[in-house]
Chemist: 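Before I ask anything, here is the structure I am working with.
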Number of protein chains: 2
Amino acid sequence: MVHVKETSGGLQWRLRASNGSSSELLVPESGPIRRTWLGLLGLVVGLTSKVGKFFKKAWDVGVQDPKKVIHCFKVGMALTIVSLFYYMRPLYEGVGGNAMWAVMTVVVVFEYTVGATLSKCLNRATATIVAGSLAMGVHWIASQSGDRFEPVILGASVFLLASVATFSRFIPTIKARFDYGAMIFILTFSLVSVSGYRVEKLLQLAHQRVSTIAVGTSMCMLISMLVCPIWAGEELHLLITRNMEKLANSLDGCVAEYFGEMNNDDIDSDKVDKEDKTQKSLLGYKCVLNSKGTEDVFANLARWEPAHGRFNFSHPWKQYLKIGAAMRNCACCIEALNGCINSEVQAPEFIKKRLSNVCIMLSSFCSTVFKELAITTTTMTRSFEVEFSVGEMKDGVQELQNTLKSLPTLLTIPPSPSPSPSPSPLPEAPKEEKKEPIATPTVVPLMEVVPLVTVASLLIDIVARIEGVVEAVNELADMADFKSEDEKPKQPSSDYRDQQTMNALQQV
Amino acid sequence: MVHVKETSGGLQWRLRASNGSSSELLVPESGPIRRTWLGLLGLVVGLTSKVGKFFKKAWDVGVQDPKKVIHCFKVGMALTIVSLFYYMRPLYEGVGGNAMWAVMTVVVVFEYTVGATLSKCLNRATATIVAGSLAMGVHWIASQSGDRFEPVILGASVFLLASVATFSRFIPTIKARFDYGAMIFILTFSLVSVSGYRVEKLLQLAHQRVSTIAVGTSMCMLISMLVCPIWAGEELHLLITRNMEKLANSLDGCVAEYFGEMNNDDIDSDKVDKEDKTQKSLLGYKCVLNSKGTEDVFANLARWEPAHGRFNFSHPWKQYLKIGAAMRNCACCIEALNGCINSEVQAPEFIKKRLSNVCIMLSSFCSTVFKELAITTTTMTRSFEVEFSVGEMKDGVQELQNTLKSLPTLLTIPPSPSPSPSPSPLPEAPKEEKKEPIATPTVVPLMEVVPLVTVASLLIDIVARIEGVVEAVNELADMADFKSEDEKPKQPSSDYRDQQTMNALQQV
């Protein structure tokens with residue numbers, strides 16, 4: 001019992017042991033050893049669970065996006081093929097042992113998307129050639145100017161060009177497209193200009209190096225474009241349409257949650273799981289808010305890609321950024337809407353019910369517009385249904401405004417806070433007539449309807465912002481020459497439309 | 001006159017010439033030449049203006065952030081110093097002509113911030129050593145297994161390790177910290193394992209290469225840390241505090257614009273310039289919305305940096321991300337607020353005036369909290385004034401809520417839309433008494449106050465979100481052991497405080 005107090009680390013172990021065979025086993029000498037052992041055990045268990053978690057995470061990455069796994073095998077393949085250089089003696093000797101540069105090129109240049117790979121390949125090739133020629137010129141001039149000035153000229157040119165090229169990497173237009181090229185320019189220029197070789201030797205070296213780099217880059221380009229290509233443009237296209245759907249779901253979810261529609265849904269089925277899912281889809285707008293960086297990167301890379309699938313070489317990728325910005329505008333409003341849902345003050349049920357139908361209808365119109373836009377963008381087909389849905393959405397706003405206007409709710413303001421003047425300006429007879437309807441109202445303080453009014457107002461604001469998205473998508477349709485509707489098969493979204501028509505009819 | 005029609009390109013030129021000496025100069029033969037010349041001239045002018053614009057942009061980048069220019073000179077310096085390797089024969093021969101690797105290391109590793117440079121240096125060094133040893137082991141095993149199996153073992157190992165390492169770059173935790181290391185691992189492993197050299201030769205090569213890389217990395221680290229260092233942590237710190245100020249200005253600007261305070265300001269002075277500036281500061285919240293990417297990058301890099309200035313090695317950089325997220329939450333609400341400002345429906349002036357003071361006061365309390373938070377973060381000093389301002393802000397919310405409640409405005413709802421029941425439930429006598437104040441009100445439809453109510457509601461929501469920011473900053477203060485107030489000199493913000501106290505007193 002004394003030992004139990006002594007070390008808290010080994011407590012459980014000892015007590016369990018004393019329940020067992022005999023308490024004599026608990027000799028004080030085994031304490032530190034046991035403790036060490038337990039500590040080690042804890043360390044191993046902790047490490048194992050950490051490693052397990054890491055592999056779980058890695059597995060999830062692979063399962064969520066099998067394209068990434070394919071990319072890994074592509075890199076492995078490219079490297080293995082390029083390594084063959086080392087085994088085919090004729091090839092290896094043909095480039096004078098410079099096969100290293102082919103391997104290096106593959107490792108450095110092979111990227112996830114075709115656009116990124118192409119951009120790096122072209123940057124690398126161009127920068128190598130330009131910098132190489134420039135450096136040889138400088139090298140020649142330096143070698144002509146005598147031993148004394150040679151290092152000065154070379155050093156000064158390296159300093160100057162490296163500084164200028166580094167600075168150019170800060171200029172946004174260059175950074176977006178030629179960042180890697182600028183780096184390779186500095187690298188090649190420095191290596192060639194300061195190397196101790198004579199110009200003839202340099203030319204031979206340059207020839208070998210350029211040919212190995214050409215082998216590396218062309219293989220990267222071929223593999224990335226031919227074996228399960230992952231196009232940056234396609235990814236951008238997908239991202240934007242997925243974000244549209246996310247906004248549609250978030251908006252529907254937010255408004256439904258505020259007006260308490262969610263809870264009336266089938267309760268008996270696996271509810272927790274469903275609620276979890278709902279919560280997730282409700283927060284989809286957060287993804288939209290955070291996707292600016294990814295969109296920018298994809299749009300930059302997509303410009304390097306040749307025509308593929310339904311996309312031309314000059315597909316207006318920049319327009320996707322405008323659509324993305326318009327969607328983030330909406331997402332901001334949904335975020336504010338979400339704040340209202342969690343507000344402590346809630347309007348009385350009977351007023352909420354008055355607005356409930358028209359708000360839910362409006363939000364469903366809005367989400368339909370998003371879904372129609374997603375279909376238009378995905379299928380690259382102009383659709384009259386978008387215009388129809390936008391019309392419906394505008395009517396919905398009108399209806400909400402009418403409901404707000406005609407809501408028998410009125411704000412009444414007594415004449416002034418100062419001692420009230422005599423009611424003489426009003427004639428007697430009509431006063432008697434009007435008193436009847438005013439005298440019997442239920443009085444609701446403005447304060448209680450604040451969140452409700454805010455929800456309505458934000459919905460109206462969201463509609464205005466959605467029109468911005470529609471405009472941006474229409475511009476895209478003009479720029480990218482979307483097909484017209486005739487060729488389009490019947491879309492699965494028609495049930496939404498039917499439902500809305502029903503709703504609209506019910507309202508009329 | 002015939003020729004004028006013929007070519008529209010040279011029109012202006014010819015007419016000007018015909019005004020001058022003689023019209024005989026306009027011989028038809030000179031048409032195409034002139035056109036070519038004019039075309040060339042246009043091209044040159046266009047190009048010049050484009051180049052001019054480019055240089056203007058570059059100049060702006062340099063002027064806005066002179067640190068970038070300094071960085072460029074640092075890169076130039078590092079490269080020039082490392083080039084000395086080539087001129088000092090003993091050094092050059094000591095590394096067996098592998099001086100190239102030192103230059104390459106400098107070019108590839110030297111980054112804008114100290115954190116980025118350190119992260120790349122450590123990644124490069126570790127990955128080179130680990131991959132090199134592993135590759136030599138594989139190389140030895142392959143060489144022992146006979147000519148037949150050697151290429152198979154080598155190829156398989158390259159394929160496997162390259163795939164796994166590439167996949168690891170997709171796992172977020174690895175991507176954030178060891179992305180470059182994974183690339184260098186693949187590079188070194190492939191180069192070493194497939195190289196045709198024997199193990200003894202490889203050891204010699206490895207020794208030379210590691211020593212040149214060591215020279216390159218250590219020089220990069222020294223120059224980036226000792227010559228005008230640019231710390232990622234400091235940049236993150238600055239970014240966050242600057243964003244706080246931006247939010248303060250945006251919020252103030254939005255509310256002031258809505259309640260029309262801006263226009264009453266001194267009109268006679270250079271108004272356009274001022275309005276332009278106001279518009280810019282009003283839109284500062286957009287920067288906050290878009291700064292997530294930058295914050296993430298800086299926070300990742302700052303973890304690599306040693307203690308510098310007021311920051312320890314274990315400074316809680318991750319907490320800055322939480323502060324940033326809380327601020328973006330606020331910025332979203334300000335964006336929604338901005339939507340209300342541009343709303344078409346505007347509340348009647350007399351109601352707006354009722355809320356104007358209390359709203360402007362609340363927004364000024366909010367912006368004071370932001371400014372105090374910025375001061376706390378900048379000086380890394382706990383300040384009672386933050387708590388005081390938060391208290392004031394909460395009182396402001398209470399006051400706004402009271403104003404909304406006590407606003408003589410009430411919502412009145414007639415009993416029901418169906419034919420109204422008889423007013424019998426109400427006794428006669430009190431009805432007579434109560435009719436007087438109800439009978440004389442000015443009636444304002446709810447619709448007209450919707451934007452005003454929304455502004456008030458969003459302001460209340462913003463306050464709740466600001467409390468989130470305050471909480472995050474307090475957590476930072478706990479984690480980073482901010483100094484207590486006693487040691488702090490008097491802050492320039494006291495004038496804000498005085499002004500608010502004045503405002504508060506006026507309200508009482």
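Residue numbers start from 1 in every chain, and the chains themselves are labelled A, B, ... in the order their sequence lines are given, proteins ahead of strands.
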Chemist: Looking at B:S193, B:C333, B:G339, B:A165, which has the largest count of heavy-atom pairs under 4.5 Å with chain A?
Modeler: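 Most pairs with chain A among the choices: B:G339.
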Chemist: What do the steps show when you test B:E335 against A:R465 for side chain to side chain contact (heavy atoms under 4.5 Å, CB included), and what is the final call?
Modeler: CA-CA 12 Å; B:E335 161 81 46; A:R465 285 158 196 246; 2.8 Å; yes
Chemist: As an exercise: rank B:L160, B:I334, B:V158 by heavy-atom pairs under 4.5 Å with chain A and give me the winner.
Modeler: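 Maximum pair count with chain A is reached by B:V158.
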Chemist: Should A:L154 and B:S83 be marked as a side chain to side chain contact (heavy atoms under 4.5 Å, CB included) after you check the CA-CA gap, both sets of side-chain angles, and the distance that decides it?
Modeler: CA-CA 9 Å; A:L154 288 177; B:S83 305; over 6 Å; no
Chemist: Would you mind telling me which of A:L191, A:V108, A:D65 has the largest number of heavy-atom pairs within less than 4.5 Å of chain B?
Modeler: A:L191
Chemist: Is the A:F73 ring parallel, tilted or perpendicular to the B:F159 ring (thresholds 30°, 60°)?
Modeler: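 Taking B:F159 first and then A:F73, their aromatic rings lie parallel (interplane angle under 30°).
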Chemist: Heavy-atom distances under 4.5 Å only: say whether B:S168 touches chain A with side chain, backbone, both or neither.
Modeler: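 For B:S168, neither part sits under 4.5 Å from chain A.
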Chemist: If you look at every heavy atom in A:A336 and B:D461, which pair is closest and at what distance?
Modeler: O-OD2, 3.9 Å
Chemist: Please find the pair of heavy atoms, one from A:A162 and one from B:G76, that lie closest to each other, and give the distance.
Modeler: CB-CA, 4.1 Å
Chemist: Please rank A:I81, A:N290, A:I462 by heavy-atom pairs under 4.5 Å with chain B and give me the top one.
Modeler: A:N290
Chemist: Tell me, for B:L337 versus chain A, whether the close heavy atoms (under 4.5 Å) come from the side chain, the backbone, both or neither.
Modeler: neither
Chemist: With rounding to the nearest 0.5 Å, note down the distance linking CZ in A:F54 to OG1 in B:T173.
Modeler: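 Those atoms lie 5.5 Å apart.
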Chemist: Which atom pair, heavy atoms only, marks the closest approach of B:C332 to A:C332?
Modeler: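 What the structure gives for the nearest pair is SG-SG, 3.0 Å.
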Chemist: I'd like to know which of A:V69, A:V82, A:V61 tops the heavy-atom pair count under 4.5 Å against chain B.
Modeler: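 Highest number of pairs under 4.5 Å: A:V61.
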Chemist: Answer with side chain, backbone, both or neither: which region of A:I174 has an atom nearer than 4.5 Å to a non-hydrogen atom of chain B?
Modeler: side chain
Chemist: I'd like to know which of A:V103, A:L187, A:V75, A:L79 tops the heavy-atom pair count under 4.5 Å against chain B.
Modeler: A:L187
Chemist: Measure across B:C72 and A:F170 and return the closest heavy-atom pair with its distance rounded to 0.1 Å.
Modeler: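 It is SG-CE1, 4.0 Å.
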Chemist: Which pair of heavy atoms, one from A:V453 and one from B:T454, lies closest together, and at what distance?
Modeler: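 Smallest interatomic distance, heavy atoms only, reads O-OG1, 4.3 Å.
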Chemist: Can you give me the closest heavy-atom contact between A:T80 and B:G155, atom names plus distance?
Modeler: CG2-O, 3.9 Å
Chemist: Hey, which of B:V164, B:V455, B:I171 has the most heavy atom pairs under 4.5 Å with chain A?
Modeler: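 Among the listed options, the one with the most contacts to chain A is B:I171.
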Chemist: What's the separation between atom CG in B:L289 and atom NZ in A:K292, rounded to the nearest 0.5 Å?
Modeler: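 Interatomic distance, B:L289 CG to A:K292 NZ, rounded to 0.5 Å: 11.0 Å.
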Chemist: If I measure from the heavy atoms of chain A, does B:I184 come under 4.5 Å with its side chain, its backbone, both, or neither?
Modeler: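 Neither part.
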Chemist: Using 0.5 Å steps for rounding, measure from the CE atom of A:M104 to the CE atom of B:M104.
Modeler: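 Going from CE on A:M104 over to CE on B:M104, the span is 4.5 Å.
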Chemist: What part of B:W101 gets closer than 4.5 Å to chain A, counting heavy atoms only: side chain, backbone, both or neither?
Modeler: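 B:W101 touches chain A through side-chain heavy atoms alone.
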Chemist: Between A:P151, A:A464, A:G293, which residue shows the highest count of heavy-atom pairs closer than 4.5 Å to chain B?
Modeler: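 Ranked by contacts with chain B, first place is A:P151.
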Chemist: Does any backbone or side-chain atom of A:L161 lie under 4.5 Å from a heavy atom of chain B? Answer side chain, backbone, both or neither.
Modeler: neither
Chemist: Enter the distance from B:S457:OG to A:L458:CG here, rounded to the nearest 0.5 Å.
Modeler: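 Spacing of OG (B:S457) from CG (A:L458) equals 7.5 Å.
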Chemist: Which bit of A:K68 comes within less than 4.5 Å of chain B, counting heavy atoms only: side chain, backbone, both or neither?
Modeler: both
Chemist: If I measure from the heavy atoms of chain A, does B:F110 come under 4.5 Å with its side chain, its backbone, both, or neither?
Modeler: neither
